[in-house]
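Proteins come first, then strands; the chains are lettered A, B, ... in the order of their sequence lines, and each starts at number 1.
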Protein chains: 2
Amino acid sequence: MADVISAQGTGEQLLSEQETVALIELMFFAYRDFVSDPDEILGTYGFGRAHHRVLHFVGRDPGMTVQRLLDILRITKQSLGRVLKELIGKGYIFQKEGEADRRQRLLYLTEAGEELRQRLMDPQIGRIRRAVALPEGDAAHLYRTVLYRMVSPANRETVRDWIGRAGLPGDAQDGG
Amino acid sequence: MADVISAQGTGEQLLSEQETVALIELMFFAYRDFVSDPDEILGTYGFGRAHHRVLHFVGRDPGMTVQRLLDILRITKQSLGRVLKELIGKGYIFQKEGEADRRQRLLYLTEAGEELRQRLMDPQIGRIRRAVALPEGDAAHLYRTVLYRMVSPANRETVRDWIGRAGLPGDAQDGG
DNA sequence: GTAAATATGTCAATATGGCTGACGTAATTT
DNA sequence: AAATTACGTCAGCCATATTGACATATTTAC
């Protein structure tokens, strides 16, 4: 870590281009392997990554509306439609009419859905736990902070609201 | 950071499921935004994410073979074929017969290719630099370490060889 | 020197997961 | 009563991946 360029005088340093490129590529390799385990499992069910996302987020917030799911996934309702239909058809998700607003079709996981969601998540939990199990300080905290700061400022409030309960660092003062 | 479960007695701690799920989701959100800037630029060229990957990796290792590129990207040559043909056709990449082995078609960026690669990389460099510009210790180093440990052990040697020059931490003792 | 393996390219068919645009229905809000 | 919202669906298109098959040139192995 010798070739850093000093920055705003606040103690932070500007990463060299070479070091930053290494991080860009590590993002690619890490993400590739991060999704490889669930991908394999999904294959045996005839599902894809899109199904995983739906299962995961519905499981995290049971009773969510279709619109909320679309906002999180950032896809169109037509794209979601096919995936959702398959998940419902195969008995992993069911819908319930909203009580307050009967236009809504609130989303829930069936028992099979909960099971599959957990099965898909297990290898990722293991991978992350092992990755952050470092002797040097609080690696998990710093990792979370950096990932959070990778999110575009315009999206941070939404992300923060979603993650919420698991605790995020105080919002920093950068305009990325 | 209260609800951690102590682990192997080496000072590391096991992350709670809740905290780990937050990291899983942050991976998703961070990666989504991380690729959003290049995606926008690529659209104006009629290119997609696949073209970006090819431009990036060829630019990082000019003269690489097609096979080496396939190994890095982990796609089939048929998938690469179309993308490569478009990049060559539009003048961003050119091929040169290998001198030692004349079967090889070594890959290089044209000047336009170099320019586009840099243009696509710039916002990602900025995003990462801002994300790791933290007062708390060496955030970049820790971030790189964690990302590296997210890579499957079976792939770490390849990744390490690739990243190499930018310096990676000593290989740790986990069997992820 | 012939046979086998390697590096690359290409044709064809298929799957997944996105997209836009248009239209319809039911329920809620104004 | 009219406008808006929540949702679903049909149809077509695009990008990116897949498998399998086949061809060509070159290098390596026996």
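Taking atom CG of residue L70(A) and atom P of nucleotide dT5(D), one finds them 15 Å apart after rounding to whole Å. Rounding to whole angstrom units, CD1 of residue I75(B) and C1' of dG9(C) are separated by 14 Å. One interatomic measurement links the two molecules: CG of D39(A) to C1' of dT18(D), which rounds to 13 Å at whole-angstrom precision. In this structure, L73(A) atom CG and dG18(C) atom P are separated by 8 Å, rounded to whole Å. Between R74(B) atom CZ and dA17(D) atom P the separation is 14 Å, expressed in whole Å. For the pair D71(A) CG and dT5(D) C1', the interatomic distance rounds to 13 Å; values are reported in whole Å. Distance, Q104(B) CD to dG9(C) C1': 15 Å, rounded to whole Å. Distance, H51(A) NE2 to dA15(C) P: 14 Å, rounded to whole Å.
Note on G81(B): nothing from the nucleic acid sits closer than 4.0 angstrom, heavy atoms only. Contacts of R82(A) with the nucleic acid, taken as non-hydrogen atoms under 4.0 Å apart, include base atoms. Among the protein residues, E86(A) comes within range of no part of the nucleic acid, since none of its heavy atoms lies under 4.0 Å from any strand.
Regarding contacts with the backbone of dC19(C), a side-chain N or O of T76(A) is found under 4.0 angstrom from either OP1 or OP2. OP1 or OP2 of dA17(D) lies within a sub-4.0 Å distance of a side-chain N or O belonging to R53(B).
Nearest-nucleotide mapping onto DNA chain D: of I88(A) and G48(B), the residue sitting toward the 5' end is I88(A).
For F34(A) and Y31(B), the gap between ring centers reaches or exceeds 6.0 Å. The aromatic ring centroids of Y148(A) and F29(B) lie 6.0 Å or more from each other.
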Q | Stepwise salt bridge (Lys or Arg N to Asp or Glu O under 4.0 Å) test for R60(B) and E25(A) | A | CA-CA 10 Å; R60(B) 256 281 303 233; E25(A) 291 170 351; 3.4 Å; yes
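Partner of M150(A) under the side chain to side chain contact (heavy atoms under 4.5 Å, CB included) criterion, out of D33(B), I128(B), V132(B): I128(B) alone.
Comparing dC19(C), dC7(D), dT8(C) against the side chain of S79(A) picks out dC19(C) as the nearest.
A 4.5 Å side-chain heavy-atom check between V146(A) and L134(B) finds at least one atom pair inside the cut-off.
Side-chain contact of E17(A) with T20(A): a donor-acceptor pair under 3.5 Å is absent, judged by distance alone. Residues R105(B) and T65(B) have side chains that never bring a donor and an acceptor to within less than 3.5 angstrom of each other.
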(Q) Walk along nucleotides 21-30 of chain D from 5' to 3' and tag each nucleotide B, S or - by protein heavy-atom contact under 4.0 Å, base first, then sugar-phosphate. (A) B---BBS---
